[in-house]
Each structure stands twice: as structure tokens, then as C-alpha cells.
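Working notes, beginning with the structure itself.
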Number of protein chains: 2
Amino acid sequence: MFNEQQTKLARYAKALGHPVRIYVLQTLAKQTCCYSGDLSEVLPIAKSTLSQHLKELKEAGLIQGEIEAPRIKYCINKANWAEAQDLLKAFFED
Amino acid sequence: MFNEQQTKLARYAKALGHPVRIYVLQTLAKQTCCYSGDLSEVLPIAKSTLSQHLKELKEAGLIQGEIEAPRIKYCINKANWAEAQDLLKAFFED
DNA sequence: ATGATTGTTCGTAAATTTACGAACAAAAGT
DNA sequence: ACTTTTGTTCGTAAATTTACGAACAATCAT
């Protein structure tokens with residue numbers, strides 16, 4: 001019923017559908033990368049909850065984590081970030 | 001903790017976070033307006049489910065309904081549509 | 001008045017989301 | 001080896017989302 005673009009768009013939008021995740025993405029988009037602990041210090045949520053949000057963003061493809069033991073460095077997944085941007089742009093411009 | 005823009009952005013994005021709602025918005029954005037029945041004929045969901053999705057889009061401010069008895073004509077809420085577009089544009093361009 | 005059309009609201013159920021603390025795993029430092 | 005640091009996973013609970021059919025309300029046509 002729904003085409004690839006519609007499904008992808010809904011998926012990306014859903015990932016953006018929470019203030020914590022918006023904040024995380026804005027932070028990553030601004031300063032290239034950061035650690036979970038950096039976010040945890042600022043955000044008023046439990047570490048485990050943040051971890052869940054990061055997992056969702058990872059599963060949506062918008063971020064990626066790189067092990068830099070004992071920490072994990074999170075960055076924007078640039079390819080998918082660009083795809084989400086393009087899909088949204090097209091969505092609003094049709 | 002979160003500012004107005006982050007909260008609004010998350011709210012709009014959440015409203016876009018389902019294929020049915022993407023489809024509805026694309027349809028409305030293309031052809032100015034349409035009736036619930038027009039959508040119901042095409043979409044593989046119950047009328048009541050569609051009604052719920054329309055309600056969510058209405059509550060998010062992205063669409064508005066006008067009574068044209070016995071039907072309801074749904075249209076894009078242009079002001080909020082533009083706001084969502086601007087917020088998303090700014091989000092990806094920071 | 002009666003019946004048909006249109007779409008919402010209600011009641012309900014299953015799945016998903018959001019949240020927390022506790023327990024756990026992996027690696028680095030001592 | 002042992003402790004500390006970092007972050008995930010587990011178990012759990014409450015709230016929200018998604019979905020359906022049945023009942024309802026409002027208007028139009030007969």
C-alpha cells in the first residue's frame with residue numbers, strides 16, 4: 001500500500017518524535033560527535049532511558065556508535081541523515 | 001529543559017511518524033483538500049482508525065476540517081504546515 | 001417522518017513507547 | 001587480581017498508540 005519513500009519518511013519522522021531525541025540529534029549535528037555520558041549529564045533522564053533513545057536513533061539509522069573503550073562515541077550517520085533531509089524536503093515541496 | 005522549538009519539532013515529527021498520516025498529508029498537500037471518505041476508499045484501514053489518524057493530525061495542527069454536511073472537508077493548515085517546514089529546515093541546517 | 005449517507009465517538013484489545021533502578025559486561029587504571 | 005568507569009541490558013510498570021466493530025449523531029433525500 002505505501003511506497004518505499006512513505007515508509008522511510010514515517011520511520012525517520014517517528015525517530016524525531018521525541019524531545020530527547022531531537023536534542024541528541026541537534027547536539028551531534030553541531031559538534032560532530034559525543035559520548036553518552038556527555039548527554040547523560042545534561043538530560044534529566046536515567047542513563048538507561050537515554051540508552052534506549054540512542055538505540056532507537058541507531059535503529060532508525062540516524063546515528064551510529066563507535067567503541068572508544070570504555071566509552072562509545074556517537075555520531076550522526078551522514079548518509080541517512082542526508083536521506084531523511086531529502087525525503088522531508090521533497091515531502092514539503094510536492 | 002527543552003525549548004519551544006524542540007518541543008514543537010518533536011510534536012510535528014511525531015505526527016508524521018506513521019505511513020497513513022504521511023499519505024494523508026501528501027494527498028492534502030497535492031490536491032488542496034479532500035473528504036474522509038475519499039481517503040477511506042483507498043486506505044486499507046477501518047473508517048474509525050482513519051478518523052483517529054485525522055484527529056491526531058488535527059491536534060498536531062497540521063490539518064483542519066471544515067463541515068460541508070454531511071461530509072467534512074479536510075485541508076492542510078497552511079500556517080502550521082509552514083512552521084513545521086521551517087522548523088525541520090532549521091533543524092537540518094544547523 | 002423515514003431512510004440513507006457520512007464520519008465521529010465508544011468500548012475494547014494488543015502492541016509499542018517511555019521510564020526507572022538494578023544487574024551486568026567490557027575495558028582501563030591501580 | 002581488583003576497582004573504577006562507562007554504558008548496555010534486564011525486569012518491570014504506566015502511558016500511549018494502533019486497530020477494529022458497533023453504536024451514535026448530523027444532515028440530506030425521499
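Lettering follows sequence order; numbering is per chain, from 1. Just so it is clear, the values below take in all heavy atoms, side chains as well, and ignore hydrogens, waters and symmetry mates. Because the structure is predicted, anything quoted here is derived from the model rather than measured.
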Proximal nucleotide (of dT18(C), dT8(C), dG7(D)) relative to the I72(A) side chain: dG7(D)
ILVMFWY network linking I45(A) to L25(A), side-chain heavy atoms under 4.5 angstrom: yes
Exercise: identify the closest heavy-atom pair between S40(B) and L50(B): N-CD2, 3.6 Å
Does K14(A) place a side-chain N or O at less than 4.0 Å from the phosphate oxygens OP1/OP2 of dT17(C)? yes
Locate the shortest heavy-atom distance separating F92(B) from L88(A); write the atom from each residue and the value. CE1-CD1, 3.5 Å
Base versus backbone protein contacts along nucleotides 19-30 of chain D [heavy-atom cut-off under 4.0 Å; B, S, -]: BBB-----SS--
Which of the following nucleotides, dT8(D), dG7(C), dT9(C), is nearest to the side chain of K55(B)? dT9(C)
Anything under 30° is parallel, anything over 60° is perpendicular, the rest tilted; go ahead and classify F2(B) against Y23(A). perpendicular
Mark yes or no for whether R21(B), through its side chain, and A15(B), through its backbone, hold a donor-acceptor pair below 3.5 Å. yes
Would you mind reading off the distance between L50(B) atom CG and dT17(D) atom P, rounded to a whole angstrom? 17 Å
Does anything in residues 4-13 of chain A come within less than 4.0 Å of DNA chain D? Heavy atoms only, and list the residues if so. none
Decide whether E66(B) and Y74(B) meet the rule of one side-chain donor and one side-chain acceptor closer than 3.5 Å. no
For dA27(C), does either OP1 or OP2 sit under 4.0 Å from a side-chain N or O belonging to R71(A)? no
